[in-house]
Protein chains: 2
Amino acid sequence: MNMTLEELTNKLKKKKIRLSYQRIKILEYINNHRIHPTVDQIYNDLRKEVPTLSKTTVYNTLNTLADSNLVKVITIGDNEARYDVTIKNHGHFKCESCGIIFDFNIDFNSFKIDGLSNFQINQKDIYFKGLCPKCIKKDASE
Amino acid sequence: MNMTLEELTNKLKKKKIRLSYQRIKILEYINNHRIHPTVDQIYNDLRKEVPTLSKTTVYNTLNTLADSNLVKVITIGDNEARYDVTIKNHGHFKCESCGIIFDFNIDFNSFKIDGLSNFQINQKDIYFKGLCPKCIKKDASE
DNA sequence: TAATTAATTTGTAATCGTTACAATATAGTA
DNA sequence: TACTATATTGTAACGATTACAAATTAATTA
C-alpha cells in the first residue's frame, strides 16, 4: 500500500504535473492514509512535517490531483469534502453514527439502468449510508 | 404529477408535521417542479406568491421535510444542495456541461456488492456524471 | 552553474451556502 | 376566545472554499 518516492513522482510526471515538495507530500498522504481524510486532517497532519504548509496549498493541490484523476473527491452529504485514492469498483458507506466512511466492492457493470441511452457517463459515485457493525452493537447495548 | 392541496396536507399530517402556509407551498413546489431545485430557486420562485417568505424558512422547512422523508436531498458534488421528491429506484445524472440533473431508473437490487455484511443500510445514493445528449451534440459542432 | 521565466506557495481577505438566535407571528388545543 | 407551544422572520455568525497579490520555487536555457 505504501508508495515509494519514485512511484509518487512518476505518477505526477505522467500527468505532467510539476513536482513540488508539497504536492509529493500530499499525494503521499492520500496514498498512505486511506481514511478518506478531510482537508483539515491533511493540513493538520502534514503541518508537523511541512511547517510552512498553507491550507490554500492543500486545496490547490487536491484540486490539481483530482483534475488529473490522481485522487477522488468524495462528497457524501457532508459539508466538507473528503479525499480518496483512485481505485476502481468501490463504493462508499458512511456510518451515520460514528461518521467513518467504509469502502465496499461493487460491480459497476451489474447495474441495470434505464434512461441514459445517448448519455456519456464519465463518473459513477455510489454512496450508501446507515450504521456500521460497531455502532449497531453500541446502540443495542444502550 | 401535480398534487392537490388535500393530498399535500395529508402527507404532512401523516408525518405529524404542523401545517403552515409556507410548508404547504414548499412541499407543493418540490412536488410540482421536478427540476431538482436549489434553495435559491425555491426561495426566489415562491417569493412571488409568498412575499413574506424568508430564506431561513425554506431551509428549515426542507430540513423538516427531509427528516420525515418527504423530500430527498441531492448532494451531487455541487456546493449547494438540491431537492427532489421521494421516489424509489432512481439515480441522478448530472451533466458536467449544462448542469442539468436527470433522473434515471436503476434497479437497486441488482447490485453485486461485497464488504457490507453486518452493516445496516438506510440509504443508497447513485450519482453519475458526464454529458447529456444535447451537450454532446453541442460540443461536437464547435 | 547561473540566469530566466513561468508556475507554485503562502497568507489574507472575500465569497457563498447554511445555521444560530431572538423577537414576532401563527397553529393547534382547551 | 385564550393559551401554549411551535413556526416564521431577519440579522448575524459560521465554516468550507476560493480569489488575489506578493514571495518563492521548479524547470529551462545559455
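Model, not experiment: these values are computed from the prediction.
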Checklist line | Worked check of side-chain contact (heavy atoms from CB on, under 4.5 Å) between A/Thr64 and A/Lys15 | finding: CA-CA 10 Å; A/Thr64 301; A/Lys15 295 288 185 177; over 6 Å; no
Please report, rounded to the nearest Å, how far the [atom2] atom of [N] is from the [atom1] atom of [X].
X       : N      : atom1 : atom2 : value
A/Gln22 : C/dA7  : CD    : P     : 17 Å
A/Glu80 : C/dT18 : CD    : P     : 15 Å
A/Lys25 : C/dT10 : NZ    : C1'   : 19 Å
B/Asp40 : C/dT15 : CG    : P     : 16 Å
A/Asn63 : C/dT8  : CG    : P     : 13 Å

OP1 or OP2 of [N] less than 4.0 angstrom from a side-chain nitrogen or oxygen of [X], does that happen here?
X       : N      : result
B/Tyr59 : C/dT19 : no
B/Asn60 : C/dA20 : no
A/Thr57 : C/dT10 : yes

Next item on the list: Produce a footprint string for nucleotides 24-30 of chain C: one letter per nucleotide, 5' end first; B if the base is under 4.0 Å from any protein heavy atom, S if only the sugar-phosphate is, - if neither.
Entry: ---BS--
Check: For the ring pair B/Tyr127 and B/Phe93, is the centre-to-centre distance below 6.0 Å?
Finding: no
Margin query: Between B/Phe128 and B/Phe104 (judged by ring centroids, cut-off 6.0 Å), do the two rings come close enough to count as a pair?
Written below: yes
Notebook entry, point to check: Which of these, B/Arg47, B/Lys55, B/Arg82, sits in a salt bridge (charged side-chain N to carboxylate O under 4.0 Å, His left out) with B/Asp40?
Noted result: B/Lys55
Next item on the list: Carefully, step by step, assess A/Asp84 and A/His92 under the rule side-chain contact (heavy atoms from CB on, under 4.5 Å).
Entry: CA-CA 10 Å; A/Asp84 197 5; A/His92 291 109; 2.9 Å; yes
Next item on the list: With heavy atoms under 4.0 Å as the rule, sort B/Thr38 into base, sugar-phosphate or nothing.
Entry: nothing
Note to self: Quick check: closest heavy atoms across A/Ile24 and A/Leu8, and the distance to 0.1 Å?
What the structure shows: O-CD1, 4.4 Å
Checklist line | B/Asn2 versus B/Asn32, closest heavy-atom pair with distance | finding: CA-OD1, 3.3 Å
Notebook entry, point to check: For the side chain of A/Ser54, counting heavy atoms from C-beta on, which of C/dG11, C/dT9, C/dG17 is nearest?
Noted result: C/dG11
Next item on the list: Could you tell me whether B/Lys94 and B/Asp78 make a salt bridge, using a distance below 4.0 angstrom between a side-chain N and a carboxylate O?
Entry: yes
Notebook entry, point to check: Quick check: does any side chain N or O of B/Ser141 sit under 3.5 Å from a backbone N or O of B/Lys138, one acting as donor and the other as acceptor?
Noted result: yes
Item checked: Nucleotide interval of DNA chain D bounded by contacts with chain B (heavy-atom cut-off, under 4.0 Å) -> D/dT6 to D/dT11
